[in-house]
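Written below as structure tokens is the structure these notes are about.
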Amino acid sequence: MFAITGITGKVGGALARNLLAENLPVRAVLRDEAKAAEWRARGCDIAIAEMDDAASLAAAFRDAEGVFILPPSEFDPEPGFPEARRVIDAVTKALREARPAKVVCLSTIGADAPHENLLTQRTLLEEALGALGLAVTFLRPGWFMENAQWDVPAARDEGVLRSFLQPADKLFPMIATQDVGRTAAMLLREDWSGTRVVELEGPARVSPNDIARAFASALAHPVSVEIVRRETWEGIFRAQGTRNPTPRIRMMDGFNEGWIDFADQGRAARKGSITIESVIAEMVAASRGKSAA
């Protein structure tokens, strides 16, 4: 039995569907019973647990051969990351009690970054789980290609891609969530001992210019890159409701300045197969479908 947290999301759902396609038993770990029907219909065992509740998590992980940990991301954390620390404490206690044979944990590129930033939440998680003495794989994907979802309206309606990633021709490690889920399913089926890190990025690195070209192709009209100046970021993020924008700003600095990256520029990273062009084409088609509805 493989216990999967975050199963209602893109990565967790892709992971679960890959395991089910191999006729492997899956336990869907859900916060909300109302979302259980789909996974019960697929033949999954169901466990209800909160990610900050050690007792319910331990029950969900009990007797599992493998566990997939997908911790919630806090995009506007309080100083010191108390929200992440509560989840980390609960997950650590639950795994210590349940002692599954293996654990795959969704971490991130930048978990080993030298400066504190939004991704430090995953640094703390890796430190805690790495000390458990279990067989743990930390899957560190690059920037999710699906983050471009936020750019669809401006690209479609204004022909503009407003980019916080910069400069426009800089190549960044990106990955599609379907590739992340597929890789996580492969890792859960592997055997290993101790702690290991697996880096993951797409078939080719992607620049903001590449994203704009992909939008232009999908939309059949020109799309240009407009760089969002760093001095405006704090005001923009606060206007969006962010109370503590510094971690997010520092994360963007890390990508742009190069101190958030894979150690060897991705040469040792596993590679996905899904391209930025196919991801954006799918998002654009979905947005048209919603407009037509």
Subject >> Working for side-chain contact (heavy atoms from CB on, under 4.5 Å), residues Glu234 and Ile249 >> reply: CA-CA 7 Å; Glu234 180 172 352; Ile249 289 171; 4.0 Å; yes
Subject >> Side-chain (Trp259) to main-chain (Phe255) donor-acceptor, under 3.5 angstrom >> reply: no
Original post:
So which heavy atom on Trp39 is nearest to which on Ala28, and how close?
Top reply: CB-CB, 4.0 Å
Subject >> Side-chain (Thr183) to main-chain (Asp179) donor-acceptor, under 3.5 angstrom >> reply: yes
Original post:
Can you name the nearest heavy-atom pair linking Val104 to Leu187, along with the distance?
Top reply: CG2-CB, 3.9 Å
Original post:
Between Thr92 and Asp89, is any side-chain donor less than 3.5 angstrom from a side-chain acceptor?
Top reply: no
**OP:** State whether the side chain of Asn244 and the backbone N or O of Asp76 hold a donor-acceptor pair below 3.5 Å, judged by distance alone.
**Re:** no
**OP:** Assess whether atom NZ of Lys271 is packed by more than 12 heavy atoms of other residues, nucleotides or ligands within 6.0 Å.
**Re:** yes
**OP:** Flag yes if more than 12 heavy atoms outside Arg162 fall under 6.0 Å of its CZ atom; otherwise flag no.
**Re:** yes
**OP:** Check for a donor-acceptor pair, side chain of His221 on one end and backbone N or O of Arg156 on the other, with a separation under 3.5 Å.
**Re:** yes
Original post:
So, the side chain of Thr5 versus the backbone of Phe68: is there a donor-acceptor pair under 3.5 Å, distance only?
Top reply: yes
Original post:
What is the minimum heavy-atom distance between Ile274 and Pro203, and which atoms define it?
Top reply: O-CD, 3.3 Å
Subject >> Met252 side, atom CE; Ile260 side, atom CD1 - distance, nearest 0.5 Å >> reply: 9.0 Å
Original post:
With sequence neighbours left out, what residues match Thr108 under side-chain hydrogen bond (donor to acceptor under 3.5 Å, both in side chains)?
Top reply: none
**OP:** Using modelled atom types only, decide if a donor and an acceptor are shared between the side chain of Gln166 and the backbone of Asn256 within a distance under 3.5 Å.
**Re:** no
**OP:** Keeping the roles fixed (side chain from Arg27, backbone from Arg62), state whether a donor-acceptor pair exists under 3.5 Å.
**Re:** yes
Original post:
Can you find a heavy atom in the side chain of Pro72 that is under 4.5 Å from one in the side chain of Val87?
Top reply: yes
Original post:
Do NZ/NE/NH1/NH2 and the carboxylate oxygens of Glu126 and Arg140 come within less than 4.0 Å?
Top reply: yes
**OP:** Salt-bridge test for Arg243 and Glu78: reply yes if a basic N is under 4.0 Å from a carboxylate O, no otherwise.
**Re:** yes
Original post:
Heavy-atom distance under 4.5 Å between the side chains of Ile236 and Arg229, does that happen here?
Top reply: no
Original post:
At what distance, to the nearest 0.5 angstrom, does CD1 of Ile211 lie from CD1 of Ile276?
Top reply: 5.0 Å
Original post:
Taking Ser73 as the fixed residue, which of Arg122, Glu83, Gln121 is the one that meets the side chain to side chain donor-acceptor pair (under 3.5 Å) rule?
Top reply: Arg122
Subject >> Pairwise side-chain contact, Leu95 with Pro100, heavy-atom cut-off 4.5 Å (strictly under) >> reply: yes
Subject >> Beyond-backbone contact of Asp253 with Asn117, side-chain heavy atoms, under 4.5 angstrom >> reply: no
Subject >> Path from Val197 to Leu200 over hydrophobic side-chain contacts below 4.5 Å >> reply: no
Original post:
Which pair of non-hydrogen atoms, one from Arg85 and one from Gly80, has the smallest distance, and what is that distance?
Top reply: NE-O, 2.8 Å
**OP:** Evaluate the criterion side-chain contact (heavy atoms from CB on, under 4.5 Å) for residue pair Leu129 and Leu132; output intermediate values, then yes/no.
**Re:** CA-CA 5 Å; Leu129 270 57; Leu132 286 173; 4.3 Å; yes
**OP:** Examine distances only and state if a side-chain atom of Lys102 and a backbone atom of Asp191 form a donor-acceptor pair shorter than 3.5 Å.
**Re:** no
Original post:
Is a side-chain N or O of Thr120 found less than 3.5 angstrom from the main chain of Thr123, in a donor-acceptor match?
Top reply: no
**OP:** State yes or no: do Ile109 and Leu118 share one hydrophobic cluster built from I, L, V, M, F, W and Y residues joined by side-chain heavy-atom distances below 4.5 Å, directly or via other members?
**Re:** yes
**OP:** List the atom of Ala3, the atom of Ala64, and the distance in Å for their closest heavy-atom pair.
**Re:** CB-CB, 4.1 Å
**OP:** Test side-chain contact (heavy atoms from CB on, under 4.5 Å) on Gln240 and Arg248 and set out the steps.
**Re:** CA-CA 13 Å; Gln240 293 171 346; Arg248 186 175 173 189; 3.3 Å; yes
**OP:** Provide the closest heavy-atom pair for Phe262 versus Gly142 in the form atom of the first, atom of the second, distance.
**Re:** CZ-N, 4.0 Å
Subject >> Validation row: Leu171, Asp210 side chains within 4.5 angstrom (heavy atoms) >> reply: yes
Original post:
Does Lys93 NZ have over 12 foreign heavy atoms under 6.0 Å away?
Top reply: no
Subject >> Pair Arg86 + Glu74: basic N to acidic O under 4.0 Å >> reply: no
Subject >> Listed partners of Glu257 passing salt bridge (Lys or Arg N to Asp or Glu O under 4.0 Å), at least two apart >> reply: none
Original post:
Does a side-chain N-to-carboxylate-O contact under 4.0 Å join Arg40 and Glu33?
Top reply: yes
